[in-house]
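Working notes, structure below.
Below, read A as the first sequence line, B as the second, and so on, with proteins coming before strands; counting in each chain starts at 1.
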Amino acid sequence: MRPITSEAYKLFHDGSIALAQVEANGIRIDTDYLEQAISDTSIKINEIADGIKKYKIFKVWRKRYGSKINLDSREQLANVLFEDMKYTCYAHTKTGRPQADEVNLKSTGLEFVDKYLRLQKLKKARSTYLRNILQETVDGFLHPNFPLNLVSSYRGSSDHLSFQNIPIRDPEICELVRRAFISRVGSHLVEIDFKGAEICCATCYHKDPRMVKYIENPKLDMHRDMAAEIYKLKKRQVSHNTRYVGKNRFVFPEFYGDWWWSRATDLWRAIEELDLKIEGTDIDLYSHLESMGIYELGSCGTDEEPEDGTFQKHVREIEYDFWNKRFKIYNQWKKDWWEAYQEDGFFKMLTGFIVAGKLNRKQAINIPIQGSAFHWLLWCLIRIQKLMKKYKMRSMIVGQIHDSILADIHMGELKEYLKIVKQVIYEDLPKHWKWIIVPLTVEAEVAPVGGSWFEKEEIKI
DNA sequence: CACTGGAGCCAC
DNA sequence: AAACGTGGCTCCAGTG
């Protein structure tokens, strides 16, 4: 039995009941589309597989492995590329094998590898998503589980199938998979999500005034600011893509505990990978950085000093400022929180959950933030569902993804649904938890009536 | 043959 | 001091 307060118990008790209803509702699946998509994808997979068999690399592969050749074995491919064909291997796994992930394979610069990786992506889409969705669908409805008892952070999870990792970033795979999720007759899919839930939630813990300002003032943009610093740009020179890199390849990794050496390598590679340019120009960011006095990534080891004029040195300075100037109150909170946990052997989240047991520093700092952010969502889900029932609406909630809710909304009920959502998130939630010290923002995306999840588009609410 | 850990990749 | 947090699923390769 894990220690728990009555407040926390109640949330998960009510949450389990609410999520059981969500599971029972289920989400409608276009099985005809799915069958067609599986068959089309299989044809593509076969074509690509035939294509790569014409390459010399495949012949070397077959020579080495003979009848044991297996296109799904990345270990075999890595051996072929890095041993037989002598391409430089830049990384190894912790068990000493050549790393066979996307980044390391791509470092060979081979066309064969590009085709191979696309083949693998399509195979993953087919097995983990398309086939799995079809297999789990009963009478046209999919009923993913949303258990609350499996996660150390008191976040939620989802399995059979996992509804919380449906592809969205790769445009091709996103469309392929999400077209399978459709609304009921006369309805449309509506997804609402908290904007920057974890950052807002973290701020309720550390109360860093600099972060409060970022959240309160919609003209300020932390991700853009960091992207500008990293690539030595003016704010208006930060493109959409460059901001995205600032967010997902610096800010979030830093919050989760990453460090400058690893960030520098990744941020340097991102320029090439995403073809980053100065906004509105054709100047790539390598050339730009060069004009600003940064000529190379640098090659210092993890325990060495980075050299002047290298990107490594630059990123180390940015990291230092990030934690010691920009967000020094946040940084101090991390230290204090970790010390208190070491002293007490447990901590209590703002939502009432008590976490005890052996945690490392990053876990102790991240768990309360991730957990509480999910508790916001869960509390709102329970209340929204309750109100929908009270008003005898035909619409229903069909899924949950950590900080978002997917609902199947009857065509005449969108306004009413959004009114409930706003009431709950903007008014009821901050009233329930007085420690919420930042304004919360909710965003909504709506698919056309009869349309699929893929077709969702943001609307103003 | 069943099982398991490692590796990889999908999401937030 | 250490070096990205929380999950789930699939496949391989090795074990008994």
Does a side-chain N or O of [X] approach OP1 or OP2 of [N] to a distance below 4.0 Å, or not?
X: A/S262; N: C/dA3; answer: no
X: A/S152; N: C/dG5; answer: no
X: A/N70; N: C/dC11; answer: no
X: A/N132; N: C/dC9; answer: no
X: A/R263; N: C/dA3; answer: no
X: A/Q370; N: C/dG7; answer: no
X: A/S73; N: C/dA13; answer: yes
X: A/R169; N: B/dC12; answer: yes

Rounded to whole Å, please give me the gap between [atom1] in [X] and [atom2] in [N].
X: A/I173; N: C/dC9; atom1: CD1; atom2: P; answer: 19 Å
X: A/W376; N: B/dC12; atom1: CH2; atom2: P; answer: 18 Å
X: A/Q76; N: B/dG8; atom1: CD; atom2: P; answer: 15 Å
X: A/Y65; N: C/dC12; atom1: OH; atom2: C1'; answer: 12 Å
X: A/Y330; N: C/dG5; atom1: OH; atom2: C1'; answer: 11 Å
X: A/F146; N: C/dG7; atom1: CZ; atom2: C1'; answer: 13 Å
X: A/N360; N: C/dA3; atom1: CG; atom2: P; answer: 9 Å
X: A/L406; N: B/dC12; atom1: CG; atom2: C1'; answer: 15 Å

Nucleotide of [options] approaching [X] most closely (side-chain heavy atoms):
X: A/K121; options: C/dG7, C/dC4, B/dC10; answer: B/dC10
X: A/T95; options: B/dA7, C/dC12, C/dC4; answer: B/dA7
X: A/S127; options: C/dC4, C/dA13, C/dC11; answer: C/dC11
X: A/D101; options: B/dC9, C/dT6, C/dC12; answer: B/dC9
X: A/V151; options: C/dT6, B/dC12, B/dC9; answer: C/dT6
X: A/T128; options: C/dC12, B/dA7, C/dC9; answer: C/dC9
X: A/N165; options: C/dA1, C/dC4, C/dG7; answer: C/dG7

Across the strands shown, which category fits [X] at heavy-atom distances under 4.0 angstrom: base, sugar-phosphate, nothing?
X: A/E254; result: nothing
X: A/N366; result: sugar-phosphate
X: A/I168; result: sugar-phosphate
X: A/A125; result: nothing
X: A/E102; result: sugar-phosphate
X: A/K123; result: nothing
X: A/S158; result: sugar-phosphate

For the side chain of [X] and the backbone of [Y], is there at least one donor-acceptor N/O pair under 3.5 Å apart?
X: A/R178; Y: A/P167; answer: yes
X: A/H188; Y: A/A447; answer: yes
X: A/Q164; Y: A/Q400; answer: yes
X: A/Y205; Y: A/M349; answer: no

Does the pair A/D258/A/R263 count as a salt bridge with the N-to-O cut at 4.0 Å?
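Salt bridge: yes.
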Would A/K334 pass as a cation-pi partner of A/W323, given that its NZ or CZ must be under 6.0 Å from the six-membered ring centre and within 45 degrees of the axis?
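Ring-cation test returns yes.
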Is any N or O donor-acceptor pair between the side chain of [X] and the base of [N] shorter than 3.5 Å?
X: A/R155; N: B/dC12; value: yes
X: A/K124; N: B/dC9; value: yes
X: A/Q363; N: C/dG5; value: no

Distance between the C1' atoms of B/dG8 and C/dA2, in whole angstroms?
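After rounding to an integer number of Å, I get 24 Å for this pair.
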Taking the same atom, C1', in B/dC10 and in C/dA3, what whole-Å distance lies between them?
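Taking atom C1' in both B/dC10 and C/dA3, they lie 24 Å apart.
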For residues A/H402 and A/F194, establish whether the separation of their ring centroids is below 6.0 Å.
no
What are the two closest heavy atoms between A/V238 and A/A227, and how far apart are they?
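That would be CG1-CB, 3.9 Å.
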